[in-house]
2 protein chains.
Amino acid sequence: MGDHASGKGLQRAALARWTGCNLETIRYYEKIGMLPDPPRTAAGYRVYQEDHVARLRFVLRARELGFSIEEIRGLLDLVDRGNQTCAEVKERTERHLTDVRSKIADLKRIERVLAATAAHCSGEEVPECPVLDALAS
Amino acid sequence: MGDHASGKGLQRAALARWTGCNLETIRYYEKIGMLPDPPRTAAGYRVYQEDHVARLRFVLRARELGFSIEEIRGLLDLVDRGNQTCAEVKERTERHLTDVRSKIADLKRIERVLAATAAHCSGEEVPECPVLDALAS
DNA sequence: CTTGAGTCTGTAGTTGCTACAGACCGTACA
DNA sequence: TGTACGGTCTGTAGCAACTACAGACTCAAG
């Protein structure tokens, strides 16, 4: 199987292996326009080149960093327009950073509550349970 | 409109107001078995009592704390079985706590990357953007 | 020449809701 | 008594972001 980056290109499974992406997700990204439609063989098989690898990696990395599909679409648009105003990218990044920080704050609040209620637990077979009480009240 | 907790019970909108739950979500929770089917008026209107308020609050609180629907189903099952083994509840809570902490750790990692890349940004109109580079590489 | 693995398509399922459309019901006001 | 306006009912479709099939096709190896 032509799995090498050199040569004529990658099939879908090869692209998935190279990027760590799920096989079906590649098709999904193509469908929603996050990946350009690749050329096809005579039999209709997709053939990917280096630029597809790069773009998919970009998308996956941005998803890892918690950007939504729509946010990534915006970033890609900046990339594709070429005249990337760094200021705009910075602003989007910082807006996203604010989101991430507020999620962290939320989770920390949750963590405190869970830890506190679990700590009250005797861990014994008693009918009273402070965790359930905390939830119910 | 009978909106008081005393009296004959609450209609759906009233329950929503009392608990802060979205109107449609109540019906959804009923459909998936998180809320018991309430009695109906002759015309088919749902009528809720105090115990529905309590159960809905329990569910909403648990959701706030990040428990999944299935996890809450488990907790409710323990509640309903009555012989709540505190040990079991504690164990589930701590398992969930572990989840929450790992989410926090993930987000913090993301936060660091975002903050670092944003900090490299000149904020000027240059073609090079370290954020995009960071994503692409 | 057959077998097995890879690929193709469209579609349905997932989680946890949210938002309709279109049909009733029930009360206040004229 | 009529009617207008809100509330409620049902089923269904939509959202994000995938994931997982079924059934048909292709391709290379043995």
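Chain letters run A, B, ... following the sequence lines, proteins first, then strands; residues in each count from 1.
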Quick note, A:A13 side chain, CB onward, closest among C:dT9, D:dT19, C:dG6 is C:dG6
When you measure from the side chain of A:Y45, which nucleotide among D:dG7, D:dC25, D:dA17 comes out closest?
D:dC25
Look at the side-chain N and O atoms of A:Q11 and state whether any lies under 4.0 Å from the OP1 or OP2 oxygen of C:dT7.
yes
To the nearest angstrom, the CZ-C1' distance between B:R46 and C:dG26 comes to 17 Å
Is the closest side-chain heavy-atom distance between B:L76 and B:R55 below 4.5 Å?
yes
So, with a heavy-atom separation below 4.0 Å from DNA chain D, the residues of residues 27-42 of chain A are A:R27, A:Y28, A:Y29
In whole angstroms, how far is the P atom of D:dG7 from the CG atom of B:L23?
10 Å
Side-chain touch A:V47/A:L10, heavy atoms, less than 4.5 angstrom:
no
Below 4.0 Å: OP1/OP2 of C:dG16 and any side-chain N or O of B:N22
no
Determine yes or no for a side-chain-to-main-chain donor-acceptor pair under 3.5 angstrom, with A:E71 supplying the side chain and A:S68 the backbone.
yes
When you measure from the side-chain N and O atoms of A:T25 to the phosphate of D:dT19, is any distance below 4.0 Å, counting only OP1 and OP2?
yes
Donor-acceptor pairs are to be reported for all side-chain atoms of residues 29-43 of chain B against protein atoms at under 3.5 Å, with residues two or more places apart or in another chain.
residue, atom, partner, partner atom, Å
B:E30, OE1, B:R46, NE, 2.8
B:R40, NH1, B:G44, O, 2.8
B:T41, OG1, B:A43, N, 3.3
B:T41, OG1, B:G44, N, 3.4
B:T41, OG1, B:Y45, N, 3.0

Nearest-nucleotide wise, let me know which of B:E70 and A:A43 is further upstream toward the 5' end of DNA chain C.
A:A43
Here the distance between atom P of D:dA16 and atom CD1 of A:I72, to the nearest Å, is 13 Å
Do the side-chain N or O atoms of A:R12 get closer than 4.0 angstrom to the phosphate oxygens (OP1, OP2) of C:dG6?
no
Let me know the distance between CD1 of A:I26 and C1' of C:dC8, rounded to the nearest Å.
14 Å
For A:R12 and A:L23, indicate whether the former's side chain and the latter's backbone hold a donor-acceptor pair under 3.5 Å.
yes
Quick one: B:E24 CD to D:dG11 C1', roughly how many Å, whole number?
11 Å
CG/B:L97 to OG1/B:T93 distance, rounded to the nearest 0.5 angstrom?
8.5 Å
Listing, residues 104-114 of chain A side-chain donor-acceptor contacts under 3.5 Å, not counting sequence neighbours, or none:
residue, atom, partner, partner atom, Å
A:E111, OE2, B:R101, NE, 2.6
A:E111, OE2, B:R101, NH2, 3.3

